[in-house]
Amino acid sequence: MKEEIMERFTTYVKIDTQSNDDSNATPSTPGQWDLINLLADELTKIGMEEVETDENGYLMATLPSNTTKEIPTIGFLAHVDTATDFTGKNVQPQIVDNFDGNDLILNEKLNVVLSSKEFPELSGYKGHTLITTDGTTLLGADNKAGIAEIMTAMNYLIQHPEIKHGKIRVAFTPDEEIGRGPHKFDVERFNAAYAYTIDGGPLGELQYESFNAAAAKVTFKGNSVHPGTAKNKMVNSGTVAAEFIRKFPENETPEQTEGYEGFYHLISINGDVEKTKLYYIIRDHDRQKFEERKNTLERFVQEMKEAYGDSSVELEMADQYYNMGEKIEPVKEIVDIASQAMRNLDIEPVIEPIRGGTDGSQLSFMGLPTPNVFTGGENFHGKFEYISVDNMEKATNVIVEICKLSAAE
Ligand SMILES: [Zn+2]
């Protein structure tokens with residue numbers, strides 16, 4: 001099975017599928033179509049049914065039930081695009097057999113080294129087959145590992161009809177990395193009772209709680225006057241913005257929080273004397289605290305208006321996604337099936353809240369409860385991204401086991 005997974009994965013990563021937030025198209029980049037079309041052919045070839053891609057590049061397929069038992073339809077999802085943070089062009093996957101646990105030179109010429117000093121978990125992969133980058137691109141294990149694992153699991157089930165399972169639905173979707181994955185996802189067309197994104201990191205990762213998320217743009221208007229004659233006339237929007245920034249609790253930032261702790265994050269400042277724009281994101285797992293954080297930001301804006309006039313500050317704030325735990329908690333058995341599947345394979349489930357969101361955060365609120373399962377990858381979104389093929393095999397087995405377990409009850 002390892003060979004099969006590797007073959008698929010190394011084929012997929014060579015296709016540049018980086019998404020692009022500046023594009024209004026879906027998928028946002030043509031490269032994603034190349035992979036989607038290849039995957040559609042492959043799904044048909046291995047014997048999947050109802051292989052259909054809609055006009056927005058959402059590829060879905062069915063593995064029909066092979067039992068007369070009434071079993072809810074399960075879905076498995078992965079995204080075809082790669083992160084915008086780092087180039088995904090001309091990816092040259094490097095295969096390291098029987099990894100010796102020492103530092104890995106990714107690129108001798110550019111002196112790019114994957115070192116266990118910087119990445120202490122690396123030594124834990126001693127003896128594994130690893131796939132790394134050549135030090136010049138990301139790898140794209142996020143999320144092509146998930147695609148390879150789902151594809152291989154479906155092929156395995158097709159090759160092993162003695163394993164009984166209900167109806168399985170598979171979807172490969174565009175533009176997750178720019179937060180649009182679920183936007184055009186047709187939940188009705190997918191028609192599953194629940195699903196799993198195979199989009200997590202290291203072995204055992206199982207996630208069903210995410211942040212609640214909002215974004216705020218705060219614009220400060222100043223009054224630019226020649227500095228020589230500015231006394232009592234100039235209003236420097238930068239200075240006013242700085243005063244606003246200082247209102248926020250100093251320790252509630254991403255760099256000072258972990259676990260279930262929420263934060264305010266000032267992601268960018270753009271401006272001059274006349275106008276300064278601040279972009280914030282607000283994150284909290286707790287819905288109540290999340291609402292309070294938004295109220296706090298609004299209050300700070302109000303205070304600035306009182307000090308500098310109503311027209312001096314403008315606020316645009318919108319929710320981005322919510323904690324999927326709210327929708328998954330009532331059907332917690334879908335998390336339990338996944339943990340049981342892992343335990344049956346001697347994998348200890350690592351259940352921790354995501355300090356971010358997944359496609360599942362939005363899908364769960366669209367009526368498709370969707371926890372997230374590990375792929376086996378490490379260091380996503382950069383040149384140090386790598387993945388253990390041994391753990392990819394385990395992720396594939398977890399998918400098969402989830403199908404098996406759901407039919408066993
Ligand atoms: Zn991903």
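Just so you know, ligand 1 is whichever comes first in the structure, and atom 1 is the first atom listed for that ligand.
- Looking at N344 and Q340, their side chains do bring a donor and an acceptor atom within 3.5 Å of each other.
- Around the Zn ion (ligand 1), the protein N, O or S atoms found under 2.8 Å comprise H79 NE2, D142 OD1, D199 OD1, D199 OD2.
- Residues satisfying the salt bridge (charged side-chain N to carboxylate O under 4.0 Å, His left out) test with R8, not counting sequence neighbours, are E4, E42.
- Taking the side-chain contact (heavy atoms from CB on, under 4.5 Å) definition, one finds that N236 meets it with M234, T239, V273, sequence neighbours left out.
- Ion pairing of D319 with K294 is present here, as a side-chain N (NZ or NE/NH1/NH2) and a carboxylate O approach within less than 4.0 Å.
- F380 is not listed as a side-chain neighbour of L138, based on a closest heavy-atom distance of 4.5 Å or more.
- Annotation: ring-ring contact (aromatic ring centres under 6.0 Å, His included) contacts involving residues 16-38, sequence neighbours excluded, are absent.
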